[in-house]
There are 2 protein chains.
Amino acid sequence: MIKPSRRSRGSITVQDVAREAGVSAMTVSRVVNGGTNVREATREAVLAAIAKLNYSPNSAARSLAAGEATQIGLLYSNPSAAYLSQFLIGALAAARRAGCHLVLEACEGERPEEQAEATRGFVQTHVQGVILPPPLSEVGAVRDELDAAGIPWVSVAMGLPPEGSLNVRIDDFAAAAAMTSHLIDMGHRRIGFIRGNPNQTSSAERYRGFCAAIEEAGLDLAAMPVEQGYFTFRSGIVACEALLDLPERPTAIFASNDDMAAAAVGVAHRRGLHVPQDLSVVGFDDTSLATTMWPELTTVRQPIAAMAEAALSMLLDELRPRGQNAQAEQVLAHQLIVRESCAPPPRR
Amino acid sequence: MIKPSRRSRGSITVQDVAREAGVSAMTVSRVVNGGTNVREATREAVLAAIAKLNYSPNSAARSLAAGEATQIGLLYSNPSAAYLSQFLIGALAAARRAGCHLVLEACEGERPEEQAEATRGFVQTHVQGVILPPPLSEVGAVRDELDAAGIPWVSVAMGLPPEGSLNVRIDDFAAAAAMTSHLIDMGHRRIGFIRGNPNQTSSAERYRGFCAAIEEAGLDLAAMPVEQGYFTFRSGIVACEALLDLPERPTAIFASNDDMAAAAVGVAHRRGLHVPQDLSVVGFDDTSLATTMWPELTTVRQPIAAMAEAALSMLLDELRPRGQNAQAEQVLAHQLIVRESCAPPPRR
DNA sequence: CGGGCCAGCGTTACCGCTAACAAATCGCAC
DNA sequence: GTGCGATTTGTTAGCGGTAACGCTGGCCCG
């Protein structure tokens with residue numbers, strides 16, 4: 001007497017689908033993945049059976065059988081929370097599709113030794129690849145450690161990634177230039193710029209974009225006041241104070257990220273300047289801060305979730321033994337988001 | 001002739017550990033999980049072998065063999081990004097430990113029909129349980145849909161969870177009372193309160209805590225101006241304007257979350273009031289906003305990541321067939337975070 | 001001193017899926 | 001028709017781990 005398998009989970013498996021469609025389990029598997037070398041009629045029968053039974057493949061079994069990568073590391077330091085949450089949403093979506101797990105690790109310290117230490121945590125836990133969102137994508141200690149362990153990595157949102165490395169980014173240069181042109185088109189002729197942290201290449205790229213747009217418009221770059229910031233709210237306060245202390249005040253401020261832009265708006269308000277009537281302020285990144293302030297911020301949106309997804313796919317392609325990977329670099333489209341924080345300069 | 005298995009992945013398996021320790025694979029498995037009925041000497045030998053080989057179990061194989069839950073849903077609407085990122089960090093850590101995948105689904109709309117629709121997405125994709133962070137934990141349409149499908153859920157951070165439901169939370173009442181007492185201890189006698197969205201029970205609990213502390217201090221509750229807010233930055237502006245328009249202005253404002261507190265600080269600044277010298281402002285949640293503003297916000301910290309972890313563990317316990325689950329409710333500890341946004345009231 | 005019980009460990013048989021190989025089928029030129 | 005390569009489909013053998021059950025030997029009790 002055959003007793004029903006005591007361990008059956010009652011869920012729909014390939015076998016069930018195969019029986020329903022009158023084919024073998026292997027054929028079902030082929031249809032579900034890629035589906036090479038399956039006759040059209042057969043595929044349709046299988047798809048119909050899948051739909052009928054509401055089958056969804058068991059990802060644990062799949063990655064076990066296929067021997068795929070199952071643990072991908074994500075090393076984060078302290079980007080803005082808004083950035084991180086978007087990033088995680090994208091990465092999680094891609095991870096689930098691929099059936100792999102995301103292993104998070106915080107990298108708190110600033111010192112190379114601490115960073116290397118956090119990285120070694122990954123090596124211990126057998127992650128097969130690592131995603132490096134900013135600003136860690138720029139940290140040599142981390143990359144060296146991963147290279148030494150032979151673990152592939154993808155950098156995300158670097159301004160100027162090293163040749164041949166896996167990376168996903170936007171065109172910081174073009175985005176900053178577009179934003180600058182937007183201000184110029186509005187009539188601003190004296191635009192203050194707050195630079196980002198010099199240890200990140202995107203800072204330089206954004207500044208280059210700013211300069212290029214100024215010069216292209218035939219304006220005098222030397223007349224544009226520039227302050228150094230470090231991407232933090234606090235540094236934005238200092239930089240903005242300096243800009244507004246100038247005898248000839250800028251009519252607009254372009255901060256290299258939203259946090260610093262928010263700081264600039266705060267400083268302006270405390271000085272009794274109205275934004276945007278007296279001073280226009282624009283940022284970069286379109287984090288949630290941009291809409292939880294008043295006035296809401298004109299800024300550049302990065303497709304953060306899409307970038308995370310792209311990074312993970314790229315990494316998995318790299319890890320897949322079969323064939324060579326198509327591309328090692330992806331530049332996604334950015335978008336200029338116009339809100340209420342900028343307006344034509346005040347008439348004088 | 002035995003050729004080495006062509007599909008071997010070269011990684012360390014239970015078999016390797018078993019051989020090294022001179023026991024069977026099953027014993028290794030027992031040691032790794034729980035480890036009931038294993039002699040101490042044997043356990044040590046196995047642990048030594050594990051350490052020596054640097055073995056780490058394959059979570060795909062584990063969940064396949066054990067037939068464990070592999071997909072846990074996380075339905076989020078739009079809590080603050082800071083909240084979400086912390087929440088995801090905690091949930092991911094727990095998910096990895098348990099070897100299950102997190103399935104995110106955004107629930108955009110406000111209308112019950114849209115919310116139910118988003119929930120049905122989960123039912124389709126065979127998630128075995130769902131975590132409901134605020135404010136979705138309070139949405140009847142979502143919970144009904146899950147109940148109808150027989151999918152267990154855990155609510156997180158509800159103020160007053162329904163009897164018998166799985167939930168993880170902090171004591172909103174006590175936390176709000178503590179914050180209020182802190183203000184009273186500083187010398188404030190006229191404290192304005194901005195309520196949270198009435199569709200969330202935590203709003204009511206926080207308000208109850210505020211009232212209790214006021215009365216316990218022997219102050220006149222009727223003298224405290226209260227405004228309705230909705231947890232949004234925008235609603236905080238309106239509420240704070242109303243409070244500051246009062247003939248007898250409060251010396252402190254207790255906003256039911258950080259976004260509204262940030263709004264209050266902004267309004268005060270635009271009116272030329274200095275925070276905290278002229279007006280103290282405190283918030284609730286300790287999201288990242290609390291430190292990306294100036295002055296930094298005194299607020300209540302929720303252990304968000306820990307709450308997410310607890311929620312996931314609770315859900316998995318519920319799903320595990322063996323035995324009954326210990327607890328259906330967990331109240332984690334909150335913490336009063338004192339920063340720069342409050343000070344004794346101005347002398348008059 | 002025999003037998004029942006249980007802690008401790010091994011054996012077997014899978015979980016659900018897919019790589020690799022084998023077999024069947026097809027198309028087509030001669 | 002026949003032969004042969006290309007395409008489509010089926011078969012087998014695991015991937016790494018664990019549930020269920022079986023076996024062993026020591027302990028206790030009658």
Side-chain angles (χ1 to χ4, degrees), chain A residues 2-19 21-46 50 53 55-71 98-99 101 126 320-322, chain B residues 2-19 21-46 50 53 55-71 98-100 126 320-322:
Chain A
I2 301 168
K3 62 176 167 185
S5 168
R6 53 188 148 83
R7 296 171 66 190
S8 142
R9 242 82 99 203
S11 56
I12 310 290
T13 75
V14 262
Q15 303 296 343
D16 300 320
V17 176
R19 205 172 313 122
V23 298
S24 76
M26 195 59 223
T27 301
V28 175
S29 172
R30 274 190 273 257
V31 170
V32 171
N33 321 307
T36 48
N37 292 352
V38 178
R39 213 174 345 183
E40 195 51 34
T42 313
R43 172 202 313 285
E44 273 163 24
V46 170
I50 288 177
L53 298 179
Y55 164 74
S56 81
N58 178 322
S59 73
R62 178 185 287 190
S63 40
L64 177 59
E68 280 169 357
T70 58
Q71 315 257 68
H101 290 260
H126 308 283
R320 225 176 297 277
R322 47 174 154 238
Chain B
I2 302 166
K3 60 177 170 184
S5 166
R6 52 192 149 79
R7 294 170 67 190
S8 140
R9 244 83 98 201
S11 56
I12 310 290
T13 75
V14 261
Q15 303 296 343
D16 300 319
V17 176
R19 206 173 312 121
V23 298
S24 77
M26 197 57 225
T27 301
V28 174
S29 172
R30 273 190 272 258
V31 170
V32 171
N33 320 307
T36 50
N37 294 353
V38 178
R39 211 171 349 182
E40 194 53 33
T42 313
R43 173 203 310 285
E44 275 163 23
V46 171
I50 288 176
L53 299 178
Y55 164 75
S56 81
N58 179 321
S59 73
R62 180 184 288 191
S63 41
L64 175 58
E68 281 169 357
T70 58
Q71 315 256 70
C100 69
H126 307 284
R320 225 176 299 278
R322 48 174 153 240

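Convention: sequence-line order gives letters A, B, ...; per-chain numbering from 1. Side chains are part of it too, since the values below use all heavy atoms of this structure and drop only hydrogens, waters and symmetry mates.
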**Request:** Tell whether B/Arg30 reaches the base of D/dG17 with its side chain through a donor-acceptor pair below 3.5 angstrom.
**Result:** no
**B/Arg43 (side chain) and C/dG8 (base): donor-acceptor pair under 3.5 Å** =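 Flag unset: no donor-acceptor pair detected.
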For [X] and [N], give me the distance from atom [atom1] to atom [atom2], rounded to whole Å.
X       : N      : atom1 : atom2 : answer
B/Gln15 : D/dT18 : CD    : C1'   : 12 Å
A/Glu40 : C/dC26 : CD    : C1'   : 17 Å
A/Asn58 : C/dC14 : CG    : P     : 18 Å

Base, sugar-phosphate or nothing for [X]? Non-hydrogen atoms, less than 4.0 Å.
X       : value
A/Asn37 : base
A/Ser24 : base
B/Val23 : sugar-phosphate

**Message:** For B/Thr27 and B/Ala61, find the nucleotide of DNA chain C closest to each by heavy atoms; which residue's nucleotide sits nearer the 5' end?
**Reply:** B/Thr27
Quick check on [N]: is either OP1 or OP2 less than 4.0 Å from any side-chain nitrogen or oxygen of [X]?
X       : N      : answer
B/Ser11 : D/dG16 : yes
A/Asn33 : C/dT18 : yes
B/Arg39 : C/dA7  : no
B/Ser29 : D/dT18 : yes
B/Thr42 : C/dC9  : yes
A/Ser63 : C/dC17 : no

Any idea which of [options] is nearest the [X] side chain?
X       : options                : result
A/Arg62 : D/dT18, D/dG10, C/dC17 : C/dC17
B/Met26 : C/dC15, C/dC17, C/dT11 : C/dT11
A/Leu64 : C/dC17, D/dG17, D/dC15 : D/dC15
A/Ala65 : D/dT11, C/dG10, C/dC17 : C/dC17

**For B/Thr13 against B/Asp16, the heavy-atom pair lying closest together** =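 So the minimum-distance heavy-atom pair works out to N-OD2, 2.9 Å.
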**Request:** Over all heavy atoms of both residues, which pair between B/Gln71 and B/His126 is shortest? Give the atoms and the distance, please.
**Result:**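 In terms of heavy atoms, the two residues are closest at CB-O, 4.2 Å.
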Measure the spacing between [atom1] of [X] and [atom2] of [Y] and express it to the nearest 0.5 Å.
X       : Y       : atom1 : atom2 : answer
B/Thr70 : B/Leu64 : OG1   : CG    : 9.5 Å
B/Asn58 : B/Ile12 : CG    : CD1   : 12.5 Å
B/Glu68 : B/Ser59 : CD    : OG    : 10.0 Å

